[in-house]
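Read the structure below first, then the notes.
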Amino acid sequence: MLNTRTLMIVLAVAALAVAPAFIYPMLIVKLLCFAIFASAFNLMLGYTGLLSFGHAMFFGSAGYALGVTMKHLGWPPELGILAGVAVAALIGFLAGSVAIRRQGIYFAMITLAISQLIYFVAMQMEWTGRDDGFHGIPRGTLFGIIDLQDDMALYGLVAACFLLALFAIHRIVTSPFGQVLTAIRENEPRAISLGYDVDRYKVLAFTLSGALSGLAGALKALALSYESLNDLHWALSGEVVMMCILGGLGTLGGPVAGAFFVILLQNFLADKVGEWLSVIIGVVFLTCILAFRKGFVGEIGDWIEKMRARKGGFTAKQEGNR
Amino acid sequence: MTHILETVGLCKEFRGFRAVDDVSLRVREGDIHALIGPNGAGKTTVFNLLTKFLSPSAGRIVFDGRDITREKPAALARQGMVRSFQISATFPHLTVLENVRVALQRRHAPTYAFWLPGSVLSRLDARAMDLLEQVDMQDFAQTKAADLPYGRKRSVEIATTLAMEPRLMLLDEPTQGMGHEDVERVTQLIKRVSAGRTILMVEHNMKVVAGICDRISVLQRGALLAEGTYAEVSADPRVLEAYMGSETELEGAH
Amino acid sequence: MGETVLSLTGVNGWYGESHVLHGVDLSVRRGEVVSLIGRNGAGRTTILRAIMGLLDRREGRLEIRGQDMSTTPAYRIAKAGLGYCPEERGIFASLSCEENLLLPPVTRTDGGMAMSLDEIYAMFPNLKERAHSPGTRLSGGEQQMLAIARILRTGADILLLDEISEGLAPVIVQTLSRVIQDLKARGFTILMVEQNFRFAAPLADRFFIIEHGRVVEEIAQADLAARADDIRTYLGV
Amino acid sequence: MTEIFGVPAPVLYGQLLLGLVNGSFYALLSLGLSLIFGLLNIVNFAHGTMYMLGAFLAYLLLQPLGLGYWWAVLLVPLMAAGLGIVIERTILKRIYKLDHIYGLLVTFGLTMVIEGFVRVYFGVSGLRYAVPSSLQGMVDLGFMRLPIYRIWVIVAALGLCLITWLVIERTRLGATLRAGTENPSLVQAFGVNVPLLVTLVFGWGVGLAAFAGVLAAPLMQLTPQIGHSIIITVFGVVVIGGMGSILGSILTGLGLGLIEGLAKVYYPEASSTAIFVLMILVLLVRPHGLFGKQ
Amino acid sequence: DEDQVKIALMTDLAGATADYGGQGAIEAVKMAIEDFGGTLNGKPIHADFIDHQNKPDIAVTKAREAFDSGTDMVINLSNSAAALGVMEIAQSKDKVVVVTGAGSDRITGDACSPNAVHFAFNSYSLANSPVKALAANGVNNWYLIVSDFAYGLSVEAAVTGAIESSGGTLAGSVKHPAFMASDFSSYALQAISSGAQAIGLSNSSSDTTNSIRALKEFGLGGDQQMVAFTLLINEIHGLGLDQASGLLFADGFYWDRTEQTREWSKRFYERVGKMPNMVNAGDYSGTLHYLRAVEAAGTTDAKTVLAKMREMPINDMFAENGKIREDGMMVHDMYLVQVKTPEESQYDWDYLKVLETIPAEEAFLPLDQSKCSLVNKG
Ligand SMILES: Nc1ncnc2c1ncn2[C@@H]1O[C@H](COP(=O)(O)OP(=O)(O)OP(=O)(O)O)[C@@H](O)[C@H]1O
Ligand SMILES: Nc1ncnc2c1ncn2[C@@H]1O[C@H](COP(=O)(O)OP(=O)(O)OP(=O)(O)O)[C@@H](O)[C@H]1O
Ligand SMILES: [Mg+2]
Ligand SMILES: [Mg+2]
């Protein structure tokens with residue numbers, strides 16, 4: 001098992017290293033940003049079971065935070081990114097504290113409402129540039145040595161952050177905290193009766209997910225030198241849900257695959273199919289939910305398990321032995 | 001004799017309907033104390049009040065000398081008052097060992113540490129196995145809780161509850177829905193784990209009550225009807241009429 | 001004893017992916033009280049649910065009054081005169097006691113078994129008293145009575161009762177025992193699942209012992225004493 | 001002229017009345033949403049799309065077929081209900097056993113598809129649907145002149161809400177529905193054709209949304225996006241009122257329309273955020289909504 | 001290869017603002033290339049049609065990709081945010097941008113760029129002329145319905161400026177959320193009950209059409225006038241003359257104005273099925289002007305081409321003696337138009353009366369008031 005995992009990691013790093021030779025680097029940067037975003041979202045839905053329909057609020061706010069600190073305060077990129085993450089984490093904490101009072105679909109609605117609120121506020125603030133967007137964010141010099149104006153340098157930064165974010169998510173999920181989260185997801189009343197203040201754990205999970213989404217948003221704003229209201233819009237929140245579901249919830253690779261798929265689809269189809277884009281994406285999305293409920297990665301995982309089980313001589317789960 | 005748990009004039013109204021009416025209950029430290037009574041007498045409601053899943057309309061609850069009327073449920077569990085559920089409550093997709101470990105983790109390992117690897121929890125394994133042995137579940141340590149037979153789930157639940165090192169355990173119908181064999185096992189288990197702690201339980205099975213309970217309180221229509229040892233209570237004609245019925249051979253009911 | 005009114009032949013049943021019933025064969029004759037006994041999780045509730053068509057998947061043959069109903073959708077099975085009282089009672093919170101009582105549509109009037117509201121209230125006076133309180137405000141015992149009463153109105157003459165003595169005070173269990181005897185006297189056919197063997201023992205004409213999702217033994221009332229040891233090993237009593 | 005906080009009283013009354021018109025739409029839509037959520041356990045994200053579709057269907061009846069407004073009032077809800085029934089039978093029934101987030105996601109996908117089609121066939125620049133001649137004109141209410149059509153909107157919407165509410169609370173069918181909301185499989189075991197009931201309820205809910213669309217058609221330029229903002233507001237209404245509470249949806253919908261009307265006079269910039277602030281406040285005080293049960 | 005000309009139309013092909021781009025823009029650009037001859041210096045002219053889906057970030061990503069893969073010029077850029085974003089990239093990569101689909105004054109104001117040309121209209125030109133024209137007729141008491149987003153506010157600023165300078169007064173204004181509200185009755189009622197002589201619509205697209213409908217519904221008429229500050233002929237087509245008649249606005253192009261406009265527009269109509277609006281015409285004219293400049297310059301180098309573009313006057317069906325100023329604004333005559341009544345309209349798309357031609361110098365912000373840094377330096 002460990003070998004396959006190491007192999008996967010090596011493969012992923014290698015793929016990231018050679019990819020810019022074949023694909024337009026800035027497109028990969030965008031893909032990676034959304035992959036981080038979807039993975040961060042997965043931390044909520046996939047591992048905590050809470051559907052947030054307002055995750056764009058983290059993505060967008062972090063972008064604006066990075067923009068303001070770098071453009072107006074002259075902070076270097078590393079601090080700008082940190083500022084983005086911090087702002088997103090703070091929003092995660094505040095929004096989480098409110099939303100956590102309800103569960104399931106209500107949670108989704110409340111997060112949606114909070115993110116709409118933030119959207120409208122951003123829309124009415126002078127300093128965000130409203131719907132004209134926040135322009136002219138400098139890319140700056142990382143740690144005072146690496147000039148990010150160079151696309152490849154920027155790509156390196158984003159790729160490194162991507163790996164780091166995936167590792168962070170893996171670590172969070174398997175950490176002692178992750179264990180408590182699993183328990184809460186499995187049986188919340190029981191977790192309460194064991195003395196866990198479940199709301200606090202959920203808020204922390206929401207905050208962490210927000211912070212990582214913020215990382216994604218900040219990186220994207222840095223890469224594009226630009227931030228817009230679209231990054232706060234509920235449609236983006238819907239899109240990130242879609243990415244996760246398409247790729248496979250509760251797996252590390254799923255959201256990444258889902259994000260790549262959706263962004264590439266949008267990227268390549270839009271100019272070719274024009275008006276039909278939303279129909280096509282909708283149909284693909286519906287088909288996936290109805291036919292491959294576990295997402296690409298989940299279904300492939302199941303299939304591999306099945307093959308392995310067949311090889312190993314198991315035919316089916318043991319049954320009837322109760 | 002000290003009382004570990006005391007309620008003073010506890011009341012609970014649901015939109016005008018008094019489910020619990022001025023109940024002053026006293027549970028002595030170290031006892032197995034049973035709460036019995038006809039259906040709808042308010043037993044589960046009392047439990048819910050004690051464990052803060054409901055808040056009382058009036059009255060006070062004192063646990064170990066401290067007023068806990070306004071405490072949050074999780075905080076109460078941390079002080080040693082732990083409830084096990086009427087419906088079997090495990091974490092179905094965790095293994096038996098992990099089930100117990102989650103309970104141990106709260107006291108003995110980090111719980112918010114999202115930056116640590118999961119392997120730090122393995123230092124709880126020995127202790128968890130220890131608890132599993134107490135309920136005779138060591139052989140099932142790696143089984144998923146969902147795959148266990150019903151009675152065994154109860155055992156896991158009790159082991160999990162024990163991991164909390166409770167001073168007072170609240171058991172709501174621990175044998176409900178169990179076959180005879182399991183009833184027997186769980187009864188013995190309760191007896192065994194009662195050493196060094198107090199147990200308050202709701203139970204309809206008179207055999208269990210008669211077998212292991214030191215004291216019994218009888219509720220009826222939300223109010224306390226009688227209290228005493230099994231012999232005292234079962235001799236009370238009001239209890240016979242309201243609860244046990246005409247059959248003198250009590251076990252006959254179950 | 002009358003003709004066979006309910007029979008299962010080689011019935012398999014599934015919850016999602018998990019295969020729970022493995023070839024159940026049993027039959028019930030008119031006017032009989034039959035009890036399914038077994039350990040927890042043996043599959044007794046599942047058998048009742050299989051009959052009512054409430055499983056995710058069922059295979060095998062189900063006959064009611066000689067008619068093949070193996071592929072009949074769930075909502076039509078009740079119309080063949082079956083009344084189901086589920087293990088969890090299934091009282092509706094948003095309906096008053098009386099609305100709960102009136103909820104199941106009257107499905108058969110020809111058998112003459114349908115009891116009127118008055119008859120039912122005479123049988124369960126508590127329900128009349130609480131007719132207008134929301135269903136789930138009733139006490140456990142009252143809810144259990146309501147669950148049984150509810151299916152007496154519909155004209156169903158084959159009753160499937162799941163653990164009706166469960167979690168009830170001894171005094172109410174005694175009442176229920178009388179109710180069952182009364183129903184039997186009126187000619188109802190009853191298939192009941194009981195954990196509480198002592199409750200079932202004096203009531204049932206026959207017992208099916210269920211283990212691992214199949215019928216492993218059939219014991220008649222008359223043989224009960226003789227087979228006590230067998231039962232003990234099966235049930236661990 | 002009397003003024004209320006700096007606003008002339010007649011203007012204020014006028015605004016409140018207009019708020020009530022909007023509130024009727026919210027009530028109609030959130031009622032359908034609640035109904036569907038209650039029995040199907042699905043948060044119908046496509047509800048706004050159905051509203052939009054209702055308006056476009058009305059247009060479609062008029063343009064190629066020449067069937068006017070009153071035909072639309074009659075036929076469009078039926079057509080939409082028919083579409084809803086097809087969707088329920090072919091798509092939604094596959095996801096009932098899953099977590100209810102799937103319902104949200106599937107209907108989100110449906111929104112993309114349906115809206116995409118409307119966009120392809122009708123474009124985005126907006127179509128016009130005229131006020132029917134029988135409802136043209138204004139009534140002088142003293143403090144304002146109100147178009148007759150808006151009065152009809154209030155009457156029709158509230159009438160339909162009332163009928164729906166009566167059916168659910170006062171009839172046997174309603175009792176069966178309520179029971180089905182709690183435990184569909186048991187109701188089925190009692191001999192009720194629950195799948196049919198579910199299908200019909202979805203059809204009814206969608207029909208209500210489409211009816212709202214027909215009512216709205218003469219009031220605005222029809223673009224494929226008209227469902228967007230309203231659905232978010234309606235979600236807010238349902239959360240504030242308490243999900244699944246029929247009466248709650250109706251009352252909250254009306255109330256919210258009034259509050260919005262006030263906001264548009266006193267602080268128009270906040271009119272779009274008022275609902276979200278309100279929602280957060282309500283949830284802090286009453287986590288189950290104003291009319292929700294525990 | 002190096003000296004092939006590659007242009008890209010980037011616009012909203014299918015979204016809410018597709019009237020400012022969409023199929024019409026595609027055909028306009030294609031017509032320009034065909035009319036130019038299809039080739040330049042013997043090489044075919046390559047055109048890409050890129051959908052930014054009305055999302056500025058997609059516009060920015062795709063523009064970057066397009067420039068990196070050899071695109072020389074991007075045109076249209078409906079949506080001001082997208083335009084401003086792409087202008088920045090064009091400047092850093094030294095490419096040419098011709099904005100036709102967006103109207104923000106910032107494009108030639110504080111955000112101006114040596115690499116950008118603003119072709120068809122901006123909010124100043126749309127706002128200023130109607131206010132001035134009405135003032136001359138004694139209509140100078142205004143109420144504004146403003147959409148609460150950057151473009152609406154930029155129009156509002158331009159309008160308020162114009163009202164002040166023409167000695168008018170503002171009776172009041174109300175802000176509505178942009179593209180979120182479909183119910184304008186409340187704003188209409190407030191506007192009507194203000195008693196102002198003119199009600200100005202500082203919004204765009206569906207917000208404008210819905211405002212118009214609501215004003216009509218609540219009985220606007222008599223001595224109150226409606227003025228729209230951003231309106232395309234397509235929107236009048238959608239509204240119908242009974243709703244829109246009498247409406248005043250400024251337009252950069254009307255198909256039925258001259259023989260030349262008619263000839264071109266009919267060709268356009270045959271391809272698209274709609275009459276062109278000022279953005280469509282701008283797309284055609286802008287593309288053609290760019291190609292002519294490249295031909296004259298003999299290179300695709302942005303600096304040289306831009307210099308040529310500024311040097312050459314624009315003379316076609318869109319502009320007579322149009323000229324690109326140093327702030328990037330292509331100044332040309334604008335027209336004050338009024339929507340005909342149904343009775344006045346004789347044939348399909350016969351919607352407008354041209355009341356007045358506003359000379360280029362008056363239609364656009366005088367250079368000395370410009371906030372563009374390029375102007376101050378020069
Ligand atoms: N949430 C509630 N709202 C209204 N009434 C309630 C609620 N919970 C319980 N009750 C009522 O309070 C009374 C006591 O209920 P409780 O569940 O405590 O009984 P119990 O003694 O546990 O009975 P059982 O032995 O049947 O479990 C009952 O009449 C019940 O209907
Ligand atoms: N909804 C369900 N999904 C999956 N498995 C189930 C479900 N309900 C029951 N089972 C499993 O099916 C088997 C038979 O259960 P069933 O409820 O029929 O048993 P029973 O004999 O009625 O026992 P009990 O005493 O618990 O009522 C058990 O192993 C149980 O775990
Ligand atoms: Mg109880
Ligand atoms: Mg059972």
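The chains referred to below are lettered A, B, ... by the order of the sequence lines, with proteins before strands, and numbering in each begins at 1.
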Seminar exercise, completed: Within residues 45-55 of chain C, the residues sitting under 4.5 Å from chain D by heavy atom, in sequence order, are C:M52, C:L54
Problem set entry | Backbone of D:A175 reached by a side-chain donor or acceptor of C:E99 within 3.5 Å | no
For this session: Mark yes when over 12 heavy atoms from residues, nucleotides or ligands other than C:R130 sit less than 6.0 Å from its CZ; otherwise mark no.
Result: yes
For this session: Name all pairs fulfilling the ring-ring contact (aromatic ring centres under 6.0 Å, His included) condition that reach into residues 21-47 of chain D, sequence neighbours left out, sorted by first residue then second.
Result: A:F53-D:F45, A:W234-D:F45, D:F45-D:F108, D:F45-D:F235
Problem set entry | Reported CZ-to-CG distance for the pair D:F190 and C:L103, which is rounded to 0.5 angstrom | 6.5 Å
Seminar exercise, completed: Of the listed C:I151, C:N100, C:L82, C:L95, the one with the largest count of heavy-atom pairs under 4.5 Å with chain D is C:L95
Exercise. Using non-hydrogen atoms only, which part of C:A93 is less than 4.5 Å away from chain D: side chain, backbone, both, or neither?
Worked result: both
Seminar exercise, completed: Nearest heavy-atom contact between C:R150 and D:L186 is NH2-CD2, 3.9 Å
For this session: Drop me the distance from C:F92's CZ to D:T181's OG1, to the nearest 0.5 angstrom.
Result: 9.5 Å
Seminar exercise, completed: With chain C, the option among D:N183, D:N193, D:V192 that has the most non-hydrogen atom pairs under 4.5 Å is D:N193
For this session: Would you mind listing every side chain to side chain donor-acceptor pair (under 3.5 Å) that reaches into residues 167-177 of chain D, with sequence neighbours excluded?
Result: none
Exercise. Chain D contacts: which residues in residues 60-79 of chain C have a non-hydrogen atom closer than 4.5 Å to it?
Worked result: C:A74, C:Y75, C:A78, C:K79
For this session: Sort out for me which of D:P195, D:A179, D:S185 touches chain C most, counting heavy-atom pairs under 4.5 Å.
Result: D:A179
For this session: Considering non-hydrogen atoms only, spot the tightest contact between C:P105 and D:G191 and give its length.
Result: CG-O, 4.2 Å
Exercise. What part of C:P86 gets closer than 4.5 Å to chain D, counting heavy atoms only: side chain, backbone, both or neither?
Worked result: side chain
Seminar exercise, completed: Of the listed C:S96, C:A80, C:G83, C:P104, the one with the largest count of heavy-atom pairs under 4.5 Å with chain D is C:P104
